[in-house]
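Let me begin by presenting the structure, written as structure tokens, before commenting on it.
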Amino acid sequence: MIEALDRLFDALPYLALFVAISLGYLVGKFTVGRFVLGGIAGTLLVGVGVGQFGVELDSGVKTVFFALFIYAVGYQGGPQFAHALNLRSLNELVSAFAMCFVGLLCVLAAAWLFHLDRGTAAGLAAGGLTQSAIIGTASGAISKLDVPADLMRTMETNVAVGYAVTYIFGSLGPILIATWFIPMLMKWDIRAEAIKRAEEMAGGRTVLGPGQFNAVRDVVTRFYAVSDASAAIGKHVLEADGEIADAAVESVIRNGDAQDLTKETVIAAGDVIALSGPTALVQQAARYFGPEVTPPEGFELVQESREIILTNRDIVGMELQDMHDRAGIDLRHGVFLTSARRLGRELPIAPKLTLRRGDELHFTGAPKDLDRIEKLLGYKISAAAITDFIFFGLGLAIGFLLGMIQFQIGGVPVSIGTGGGCLLSGLFFGWLHSTHQRFGALPVGASNFLRDFGLAVFVGAVGISAGPQALETLRESGLTLFLLGVAVTIIPQIVVFFFSYYVLRIRNPIEALGCLVGGRSANPGFAALLSKAGNATPVVSFTVTYAVANVFLTLWGPIIIGVITTNPTP
């Protein structure tokens, strides 16, 4: 069996790569409590196993697929990263950078104190700080070193080994620190603090528990016959809208015919009113118009759900309530905000929610009403959007060119490499598309595929290449590496938490914990924090710090390779 696999992988080396990805994601489903190994770590481990067969892959595979991955990461984070660089979120920005910088210092200190070589130190950073992209940027920097090929191969192997040994606790550590250690130390009840934070953002409205939902937010349409005693008789449509709060008259049906709605349309006794809005408001309308009736036979009312990306600088920075009040009844007529997302994460719909550039606002309403609000806010995401391959190719080309630039740190030549170059290029083109939607389109589905598949192929290839030497390296320094990984995971979180709390004065518990996991780029920690909070309040501070951390942690790869001069023993 083993001999047959050996011959098969020798004849079809790329078969080994896809076997590693498939089995790796299967292994990645392994769960202990809230901890999930994940497909990327699973692919690396299985790749190391497959690599024992001596499979040889073209080195260009790693370069190309990592470039695709890191460009997609930059593209998706570009709008939020650009927004994070402003005075309104300065404290959160400083907190995120401090977390990244202290993490780098811990890695460098571990390398100098324990004489780690460049590759092992980079792997320690990738796993201990749970930033898989460091594997790629470090490997790119290693490939530019003026060292023998066998030494270069050993360093690349050590990157993979360091990552594999330290990644598990690197993922588990933020969960423990953010959801258990810090709350215990500060005597915080995360759920209670999340409710309190939600109430502050909601201006005193009811805060829902797990499994609960607000039925008032469901937008419905009902029909009412205007009675002779109705207060709406003789009033214009918009005037009636203003008196029934945020419900909207969608149609006035008179003698079986729908009237053209204009500012001059006047409501008369006997009219049938089609009214849309939140359930509770629409139910109350019976007291204003008259009894509820069934829709006229054959009557149709076309509405649409539309996702609009916020780009208007006059709106960015406003609280949701301010935007609502300033819009006026004539502008917001018939338009209902149903949900909001930031960096793909659900936001709490609360009056004090501060809107940011790139937020995805989901509205329901008649197409003509949505067209009106779209012009005010930004542009819609079209389900039919296709990739702009002109800018996609240009972006990657610019990324490769940026990767060739070298600079010096303390006299040591350093290059950000292909990975760093494509990250910066992706950030720029992602920002460009968010401000000028005609250029650089890369639909969410396409960018998600490039991100996930690109990283899976790259990590699988790294594991396969590292296979022959990985087990020996693991036996020699596995325990030391693991303990160093624990230190690199825990120390930055503790230090930066107290720095953020006492110096930057990020005192709100939910904000502080959101910054903690965001600055670590710790998705498992964030998922655990959301679960403890029971609502979406940690999202706001997490998104700013997460966007910043993704950029700086990725750039640490070539910095580590350039600053550390120790090479592995042949």
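Nothing here was measured: the structure is a model prediction, and the numbers come from that model.
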Arg153 with Glu156: basic N within carboxylate O range, under 4.0 Å: no

Does a side-chain heavy-atom distance below 4.5 Å link [X] with [Y]?
X: Thr166; Y: Leu484; result: no
X: Asp359; Y: Ile309; result: no
X: Leu442; Y: Leu450; result: yes
X: Leu355; Y: Val316; result: no
X: Thr545; Y: Met99; result: no
X: Val94; Y: Phe499; result: yes
X: Leu427; Y: Trp431; result: no

Mind checking the [atom1]-[atom2] spacing from [X] to [Y]? Nearest 0.5 Å is all I need.
X: Ser139; Y: Ile561; atom1: OG; atom2: CD1; answer: 8.0 Å
X: Ile490; Y: Phe169; atom1: CD1; atom2: CZ; answer: 4.0 Å
X: Leu185; Y: Ile177; atom1: CG; atom2: CD1; answer: 9.5 Å
X: Met152; Y: Arg118; atom1: CE; atom2: CZ; answer: 10.0 Å
X: Ser95; Y: Leu90; atom1: OG; atom2: CG; answer: 11.0 Å
X: Lys532; Y: Ile175; atom1: NZ; atom2: CD1; answer: 11.0 Å

Could you report the tightest heavy-atom contact between [X] and [Y], atom names first, then the distance?
X: Ala122; Y: Ile560; answer: N-CG2, 4.0 Å
X: Met155; Y: Leu145; answer: CE-CD1, 3.7 Å
X: Ile21; Y: Ala456; answer: CG1-O, 3.9 Å
X: Pro13; Y: Glu56; answer: CB-O, 3.5 Å

Checking the side chain of [X] only, and the main-chain atoms of [Y] only, is there a donor and an acceptor separated by less than 3.5 Å?
X: Thr130; Y: Ala126; result: no
X: Arg451; Y: Ala72; result: no
X: Thr120; Y: Leu116; result: no
X: Asp452; Y: Phe449; result: no
X: Ser425; Y: Gly421; result: no
X: Arg520; Y: Gly170; result: yes
X: Gln131; Y: Gly127; result: no
X: Gln493; Y: Thr489; result: yes
X: Asn91; Y: Leu504; result: yes

For Phe552 and Phe97, I'd like to know if the aromatic rings sit close, meaning centre-to-centre distance below 6.0 Å. yes

Angle between ring planes, Tyr501 versus Trp188, binned at 30° and 60°: parallel, tilted or perpendicular? tilted

May I ask you to decide if the ring planes of Phe453 and Phe18 are parallel, tilted or perpendicular, using 30° and 60° as cut-offs? parallel

Stepwise ring pair (Phe, Tyr, Trp, His ring centres under 6.0 Å) check, Phe9 with Phe53: CA-CA 8 Å; Phe9 288 158; Phe53 290 95; 5.4 Å; yes

Test side-chain contact (heavy atoms from CB on, under 4.5 Å) applied to Val457 and Leu68, Val61, Leu57, the passing residue: Val61

Exactly one of Phe428, Phe65, Phe400, Phe392 clears ring pair (Phe, Tyr, Trp, His ring centres under 6.0 Å) with Tyr71, and that residue is Phe392

Verify whether one side chain among Thr43 and Tyr25 offers a donor that lies under 3.5 Å from an acceptor in the other. no

Verify the neighbour count for atom OH of Tyr14: are there more than 12 heavy atoms of other residues, nucleotides or ligands below 6.0 Å? yes

Arg505 atom CZ, neighbour heavy-atom count above 12 within 6.0 Å: no

